[in-house]
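Numbering of ligands and ligand atoms starts at 1, following listing order. Throughout, residue positions are numbered sequentially from 1 according to the sequence presented. Computed from a predicted structure; not experimentally measured.
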Amino acid sequence: MTGASPATAPRAGRTGIRLVRVPNGRVGAVAVHEVAETVADHPRAVLGVATGSTPLELYAALARRRTHGLRTDAMTLVALDEYVGLGGDDPRDYATYVRRTIATPLGIPDDRVHVPSGTTDADAAAFEHGIAGMGGVDLQILGIGRNGHIGFNEPGADAASRTRIVSLDEVTRRANAEHFDGDLDAVPTHAITQGVGTILDARRILLLAAGRGKAAALRAALTGPVSAEVPASYLQRHPAVVVIADDDACEELE
Ligand code: GLP
């Protein structure tokens, strides 16, 4: 990776995970190298995108690269998850987030932006079918929940799970209440999410973690046993994962 800050030694022989520890505030600035390299090599790459606060600086940095000549508009975007029950024009809707924050600044037209939606098994199956039809995800950007979730795969999620409707953990709803004016009752109780198995099908994975609030989850994910209790620990089974985490998020790592 170019331009990366000091990296800890890869946990060679144990997992396919490479951890890159960066100063606080630098996650997006370092992650953009990884994504820009993929896009420069493969302008038609399928980029899996996470929502949430952590990747915002990455997306902004990618848009700045575009203004300096990086071709981003031929990519296809695939989102991880979506709330169930918000109106399509609700600003907290993840489809709105993906369009406003990623697709529009990168010049990607609507017909190449795929966000899961709906409430039925058929909706979930159609989304899976769509990913298969585009040849799979080349690079999946992930965040991590305080409880170790990836996408909306909450503790208890099966390693082989596919896109489906899930109920949201109390920890997740409390964390996300900040986007609903602090009103927990306004946070949806259900979501549609790619499954763990769907996520692990991506060719490469880039997990971003920032802040003290993620330290325990990151420690469990990287150094704990692979367990349904910490869905991010399933990443230890993937052959090509890069984790970019700031000092605060690395606080509980040795
Ligand atoms: C959210 C989303 C995830 C996101 C994660 C972390 O609830 N479902 O896709 O990666 O939790 O969010 P943040 O980066 O805001 O901490």
[atom] - nearest protein heavy atom and its distance:
atom	answer
atom 12 (O) of ligand 1	G52 CA, 4.0 Å
atom 9 (O) of ligand 1	D81 OD2, 3.3 Å
atom 15 (O) of ligand 1	S53 N, 2.8 Å
atom 4 (C) of ligand 1	T51 O, 3.9 Å
atom 7 (O) of ligand 1	N176 ND2, 3.0 Å
atom 16 (O) of ligand 1	K214 NZ, 2.6 Å

Donor-acceptor side-chain pairing of R203 and H238 below 3.5 angstrom: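 H238 and R203 do not have a side-chain donor-acceptor pair below 3.5 Å.
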In this structure, does ligand 1 have an atom that sits under 4.0 Å from one of the heavy atoms of H149? yes
Element-labelled atoms of ligand 1 that are located less than 4.0 Å from some non-hydrogen atom of [X]:
X	answer
F152	7 (O), 8 (N)
G151	3 (C), 8 (N)
G143	10 (O)
T54	13 (P), 14 (O), 16 (O)
Y94	1 (C), 2 (C), 7 (O), 8 (N)

Does ligand 1 come near enough to H179 that some N or O of the ligand is less than 3.5 Å from an N or O of the residue?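 Looking only at distances, the answer is no, because the N/O contact criterion of under 3.5 Å is not met.
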[Y] reachable from [X] in the ILVMFWY side-chain graph, under 4.5 Å edges:
X	Y	answer
F152	L208	no
F127	V137	yes
I199	V166	no

Taking 4.0 Å as the limit for heavy-atom contacts, which would you say applies to Y97 with ligand 1: side chain only, backbone only, both, or neither? neither
Is the contact between I144 and ligand 1 made by the side chain, the backbone, both, or neither, using heavy atoms and a 4.0 Å cut-off?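 The part of I144 near ligand 1 is the backbone, not the side chain.
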Minimum heavy-atom separation for S53 and H179, please, with both atom names.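 Scanning both residues completely, I find the closest heavy atoms to be OG-CE1, 4.0 Å.
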Please give me the minimum heavy-atom distance between V78 and Q194, naming the atom from each residue.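 Heavy-atom minimum between the residues: CG1-NE2, 3.7 Å.
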Got a second to check how far L47's CG is from L206's CG, nearest 0.5 Å?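 Rounded to the nearest 0.5 Å, the CG-CG separation comes out at 9.0 Å.
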Does the separation of the ring centres of Y97 and Y83 fall below 6.0 angstrom?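 That pair fails the under 6.0 Å test.
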4.5 Å side-chain heavy-atom contact, N153 and S161: yes
Identify which one of V35, V39, V49 satisfies the side-chain contact (heavy atoms from CB on, under 4.5 Å) criterion when paired with M75.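 That would be V39.
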